[in-house]
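Since the structure comes first, as structure tokens, the remarks are kept for the end.
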Amino acid sequence: MSGTAGTAICVLRCDLRAHDNQVLHWAQQNADFVIPLYCFDPRHYLGTHCYSWPKTGPHRLRFLLESVKDLRETLQKKGSSLVVRKGKPEDVVCDLITQLGSVTAVVFHEEATQEELDVEKGLYQVCGQHGVKVQTFWGSTLYHRDDLPFRPIDRLPDVYTHFRKALESGARVRPTLQMPDQLKPLAPGLQEGIIPTMEDFGQKDPVTDPRTAFPCSGGETQALMRLQYYFWDTNLVASYKETRNGLVGMDYSTKFAPWLALGCISPRYIYEQIQKYERERTANQSTYWVLFELLWRDYFRFVALKYGRRIFSLRGLQSKEIPWKKDLQLFSCWKEGKTGVPFVDANMRELSATGFMSNRGRQNVASFLTKDLGLDWRMGAEWFEYLLVDYDVCSNYGNWLYSAGIGNDPRENRKFNMIKQGLDYDGNGDYVRLWVPELQGIKGADIHTPWALSSAALSQAGVTLGETYPQPVVTAPEWSRHIHQRPRRTVRSTCRGSRKRPTSPSKYQQWTAACQRHQN
């Protein structure tokens, strides 16, 4: 560090952590004073682009506020703090540069999508006007952008499997950064600022639903505790592959996504902990599958880099002309969990009440909206943006494009069968009963198809279709094959053979192919 080093402003966005944070790491080495800064950008609380749903709903806002508060407390323990402001980052940074007079650098992690890139452009302009250095890093993915075997990014494969195989055979994950125990102080006289409340954004603090599968708080502290619990305290990670398609409870999956979305936990830290767990305890399909899912997250971020604004386009990545409907009445049935299709309704009610939904549920409700109802996929994507506690712009839009058949799915016309999926993953109907209590009187798997029951059976269950529960807004022909069918025993592991991860490429390809065949 030179003797003339001044003040560095670290603009934090989706990197709300003190561990493995290259922005903070660089600033510690290159400035006398370091200002970790988080801005509550008013543009994040306006309407969505197409349908003007609120951009940030109550569940995600509460999680964000908790994460900001936690990071401030963590930094304070290290001799620093988190400066908080309400305003556009480029305006706040301009004010700080003028106020302090000692700012020599502005540091931030680069993002992938347009609104975030516009912020970065504004920061470059402000710093250029004031003669302040801009230092940027890439830090949101497991594999670094510069280490991809596809350069330029236009060469990124359009099929995930090709991407995954190339990385697993020829790329490396960079090690996490060792952060100092004590951090440089804030600039003298700088006020931390007050962390706003839910009410400051015109929102009410949501009541925690006791049925939620994600009863956790935001912040790095909670994220690291969750990893400790899921890996080391319970060994749940060793059976993740078998339980990940669950629907009820906290422990069927890692639940890392909400913390990853805000950068409260580093994907590289998760990777290193998996490596350590495999060395010290066991390595199997389940431990591998955690990395498999992190790779999906990477993939959608790199797809956003490749395609830019097209990930938000009605025609998608494939420029397909599909006559999407914009029926707001049908959409209301979907978003309120009143479609008359219990498996769909249960998932949508869970989302509304808790801000969370299982991966299995998300695939199904997205398929239902796009393939069964034929509604504009962006309606669903923007509704998820509003409600999901783990909303991540690249993963959200990437997954919706995939479900709509205009993204990175190599299979033509993939469509989920709502009844088969309900029978496969909620065979006894316990999940539906949890979230659609008006159907609790229907026993067993019949709960998935109440319209197929006799009047006597419905009467005995206390159900009147069209009154206590809706008639289905649509019935797909393929559903009939599964009505009154006994549910097959839920397949806990969709892969055959040894639990041990294959070591040779040929065996590895055999079991991953088996996994993919049994996905749907």
Side-chain angles (χ1 to χ4, degrees), residues 207-215 245-250 252 329-369 371-373 375 380 383 387 415-490:
V207 176
T208 300
D209 193 299
R211 299 169 291 180
T212 183
F214 189 76
N245 281 311
L247 300 167
V248 178
M250 180 69 183
Y252 63 79
Q329 187 174 356
L330 264 184
F331 178 74
S332 291
C333 292
W334 179 82
K335 74 182 180 69
E336 293 169 12
K338 297 179 179 178
T339 67
V341 182
F343 193 55
V344 173
D345 291 346
N347 277 287
M348 293 307 298
R349 293 185 193 187
E350 179 186 15
L351 173 63
S352 181
T354 71
F356 191 81
M357 187 193 299
S358 68
N359 181 58
R360 180 57 49 181
R362 296 179 201 203
Q363 294 177 70
N364 274 277
V365 301
S367 178
F368 184 78
L369 181 118
K371 303 295 175 63
D372 290 306
L373 300 183
L375 292 176
W383 190 249
L387 278 179
K415 182 185 179 187
F416 283 75
N417 183 316
M418 295 301 111
I419 309 308
K420 181 180 185 299
Q421 288 280 304
L423 292 172
D424 284 353
Y425 297 101
D426 186 33
N428 196 46
D430 294 333
Y431 175 70
V432 169
R433 283 185 201 88
L434 185 66
W435 291 103
V436 190
E438 60 266 42
L439 297 180
Q440 282 182 350
I442 301 177
K443 305 300 181 185
D446 285 342
I447 199 170
H448 290 291
T449 53
W451 63 86
L453 298 179
S454 67
S455 298
L458 288 172
S459 178
Q460 185 177 5
V463 176
T464 304
L465 292 181
E467 294 183 18
T468 62
Y469 185 70
Q471 294 278 0
V473 295
V474 65
T475 52
E478 65 269 18
W479 295 357
S480 62
R481 299 197 302 269
H482 304 282
I483 292 176
H484 301 312
Q485 186 181 85
R486 288 172 62 92
R488 68 181 176 88
R489 186 177 179 184
T490 302

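Since we're looking at a predicted model, the values are computed, not measured.
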*Going through the checks in order, is the side-chain contact (heavy atoms from CB on, under 4.5 Å) test met by F416 and V365?*
CA-CA 9 Å; F416 283 75; V365 301; over 6 Å; no

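Side chain of R433 to backbone of I442: a donor-acceptor contact under 3.5 angstrom is found. Although no hydrogens or angles enter the test, the distance criterion places a donor-acceptor pair under 3.5 Å between the side chain of R211 and the main chain of L434. Panel note: side chain T449, backbone A452; no donor-acceptor pair is recorded below 3.5 Å. When atom types are taken as modelled, the side chain of W435 and the backbone of P342 share no donor-acceptor pair closer than 3.5 angstrom. Not a single donor-acceptor pair under 3.5 Å links the side chain of S352 to the backbone N or O of M348. Panel note: side chain T464, backbone E467; no donor-acceptor pair is recorded below 3.5 Å. The closest donor-acceptor contact from the side chain of N428 to the backbone of D430 lies at 3.5 Å or more, if one exists at all. Side chain of H448 to main chain of G422: a donor-acceptor pair is present (N/O by atom type, distance under 3.5 Å, no hydrogens or angles). Between the S367 side chain and the Q363 main chain, no donor and acceptor come within less than 3.5 Å of each other. Side-chain atoms of T212 never come within 3.5 Å of backbone atoms of D209 as a donor-acceptor pair (strictly under, hydrogens ignored).
Y469 and D345 share a side-chain donor-acceptor pair at under 3.5 Å. A side-chain N or O of N364 and one of Q421 form a donor-acceptor pair less than 3.5 Å apart. Y431 and N347 are linked by a side-chain donor-acceptor pair at a separation below 3.5 angstrom, with hydrogens and angles left out of the test.
R362 forms a cation-pi arrangement with F356, by the criterion of a distance under 6.0 Å to the ring centre and an angle within 45° of the ring axis.
Closest approach of F368 and M418 over heavy atoms only: CD1-CG, 3.7 Å.
Comment: E336 does not engage R349 in a salt bridge, judged by the lack of any side-chain N to carboxylate O separation of less than 4.0 angstrom.
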